[in-house]
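Treat the numbers as computed from the prediction; the structure is a model and nothing was measured. Reminder, nothing fancy here: chain letters follow the sequence lines and each chain counts from 1. The figures that follow rest on heavy atoms only: side chains count, while hydrogens, waters and symmetry mates do not.
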Number of protein chains: 2
Amino acid sequence: MITLSEENYLKAILSINLNTNSVVSTNEIASNLNTSAASVTEMVKKLQDKKLVIYEKYKGVNLSKKGREKAIEILRKHRLWETFLVKKLDFSWAEVHDIAEQLEHIKSKKLTDKLNHFLNYPIFDPHGEPIPTKDGTIPKTKRITLNKMPLNSKGIVMGVALDNKEFLDYLTKLQISIGTKVYAIDRISFDQSMKIKINNKLEHISKEIAQNILIKIN
Amino acid sequence: MITLSEENYLKAILSINLNTNSVVSTNEIASNLNTSAASVTEMVKKLQDKKLVIYEKYKGVNLSKKGREKAIEILRKHRLWETFLVKKLDFSWAEVHDIAEQLEHIKSKKLTDKLNHFLNYPIFDPHGEPIPTKDGTIPKTKRITLNKMPLNSKGIVMGVALDNKEFLDYLTKLQISIGTKVYAIDRISFDQSMKIKINNKLEHISKEIAQNILIKIN
DNA sequence: GTACAAATTTAGGCTTGCCTAAATTATTTT
DNA sequence: AAAATAATTTAGGCAAGCCTAAATTTGTAC
Ligand SMILES: [Mn+2]
Ligand SMILES: [Mn+2]
Ligand SMILES: [Mn+2]
Ligand SMILES: [Mn+2]
């Protein structure tokens, strides 16, 4: 049996590992889960006993095959439920994360499969993130962050790298959503903020915002 | 904040109270939740501190107004989710209880409301049980159990009094479901078993089965 | 290579929920 | 109305997850 807490640790480790592509440190997990490093050390030892992670004292943690499978399963459920909430229940993309944080822990393989079928086998979640497939692969996407767009080039918003309500509400206010066409006009060298054109309107966005918008360039 | 465990206790107390219409004993709760009487006493004290129950030592427990509201909210979610699973995801009525036991704890008023809307404001769950309304009332139903049907009378199956997989699978095998017409042919006085006619077939069912089938008579 | 700083682990403690066994109170039986 | 039995509560303990403070290890600077 794998507890809710253990599931959250596995998910955090996966998420950090997908970003850094390297071994995961105690501190990174602690900050991701808003908990103390001491608690992480404790839990990581338990996960090791259960063969869910590979852990070397003072060196860091990696998911085992079994642990990775479990983590991806949770990520899959999270993104399927988010898709359900937006597509079927008419929630906005900014509202669904916290609810999906709860729903991702519902245990029933059959439920996950039926939900997937009901949603017509979606490939991306409402934030443009790829939904892991049943066999545990995460579809690769090649996208760049808006702050890396060449000037005077155009692109299409494919997703966001941050599932945070304030951020998403702000994008909505700017009328930025998935599929929106973007033209990169200028990058201010002082603060790396960017001037862009969206729906024929000129906007000025901070580096922090630009870093979290994922773009496909033609 | 109300914990998952507390929610399960409140739900158990409500469920017993709806059946017996009287004060609820420690032992009844313990057997309903498959836990020890000592644990129940402990928890009941905590619930009292939180003003969720009214409790008198050695006498028994009753839900407070606030506790009843909470319990009904959970029951509402349970039955809405069961309805979702059967109506939208195509689960059988025998499969949904355990999943709904998990889903009923998801915290989001908005989700409950949107689910209700998505399901088109259902009145009964897949087992024929009334779904509490948003304002916390449980629609009254007047039904008798099949074992109390007068002989040579006819009725319609409106629901079941037991949400147990084996029981429901057996009913399905007998081709008994909600809406099925039933004729009461005979009652064997020795064991109170009954001979009934369903879909033009004669069946013989035990008292225990008959007691858990809810009938509307004309 | 030693000294200092940062990261990590260990120690000791707390809360929640659970348990069994013993004590107490309530209910039946005679 | 005792005595016996049943129901309930109290006592004492345990595991899971969390915390802070102290100790240890590792990495960096000189
Ligand atoms: Mn999310
Ligand atoms: Mn998402
Ligand atoms: Mn049920
Ligand atoms: Mn039901």
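Of the possible polar contacts, one joining the A:Lys50 side chain to the A:Met1 backbone as a donor-acceptor pair under 3.5 Å is found. No donor-acceptor pair closer than 3.5 Å links the side chain of A:Asn17 to the backbone N or O of A:Asn21. The closest donor-acceptor contact from the side chain of B:Arg187 to the backbone of B:Met194 lies at 3.5 Å or more, if one exists at all. A donor-acceptor pair is defined here as one N or O able to donate and one able to accept, closer than 3.5 Å; such a pair exists between the side chain of A:Thr112 and the backbone of A:Ser108. Of the possible donor and acceptor atoms, one in the side chain of B:Ser64 sits under 3.5 Å from a partner among the backbone N and O of B:Leu52. Judged by distance alone, with hydrogens and angles left aside, the side-chain atoms of B:Thr137 form no donor-acceptor pair with the main-chain N or O of B:Thr133 at under 3.5 Å.
At the heavy-atom level, B:Lys45 lies under 4.0 Å from the strands shown only through sugar-phosphate atoms. B:Ser39 comes within 4.0 angstrom of a nucleotide base, judged by non-hydrogen atoms across all strands.
Remark: P of D:dT8 and CD of B:Gln48 are 16 Å apart, rounded to the nearest angstrom. In this structure, A:Asp49 atom CG and D:dG17 atom P are separated by 13 Å, rounded to whole Å. At whole-Å resolution of the value, CG in A:Leu10 and P in D:dG17 are 12 Å apart.
The six-membered or imidazole ring of A:His127 lies away from that of A:His97, with a centre-to-centre distance of 6.0 Å or more. Between B:Phe91 and B:Phe84, the ring center distance fails the sub-6.0 Å criterion.
Applying a 4.0 Å cut-off to non-hydrogen atoms, none of the residues of residues 21-32 of chain B approaches DNA chain C. Within a heavy-atom distance below 4.0 Å of DNA chain C, no residue of residues 99-108 of chain A is found.
Residue-to-nucleotide proximity on DNA chain D shows that, of A:Ser36 and B:Ala37, the 5′-proximal contact is made by B:Ala37. For A:Glu42 and A:Glu56, each mapped to the nucleotide of DNA chain C holding its nearest heavy atom, the one lying further toward the 5' end belongs to A:Glu56. Mapping B:Lys59 and A:Lys59 onto DNA chain D via the closest heavy atom, the residue that lands nearer the 5' end is B:Lys59.
On the nucleic acid side, DNA chain C contacts chain A at distances under 4.0 Å to non-hydrogen atoms, with the end points of that region at C:dA7 to C:dT10.
Taking only side-chain nitrogens and oxygens, A:Tyr58 never comes nearer than 4.0 Å to OP1 or OP2 of D:dA23. For the OP1/OP2 pair of D:dA16 and a distance below 4.0 Å, the side-chain nitrogens and oxygens of A:Thr3 include no atom meeting the criterion.
The distance from atom CD1 of A:Ile131 to atom CD1 of A:Ile123, rounded to the nearest 0.5 Å, is 8.5 Å.
Side-chain contact of A:Asn27 with A:Ser25: a donor-acceptor pair under 3.5 Å is absent, judged by distance alone.
Salt-bridge annotation for A:Asp113 and A:Lys134: present, with a side-chain N of the basic residue lying under 4.0 Å from a carboxylate O of the acidic one.
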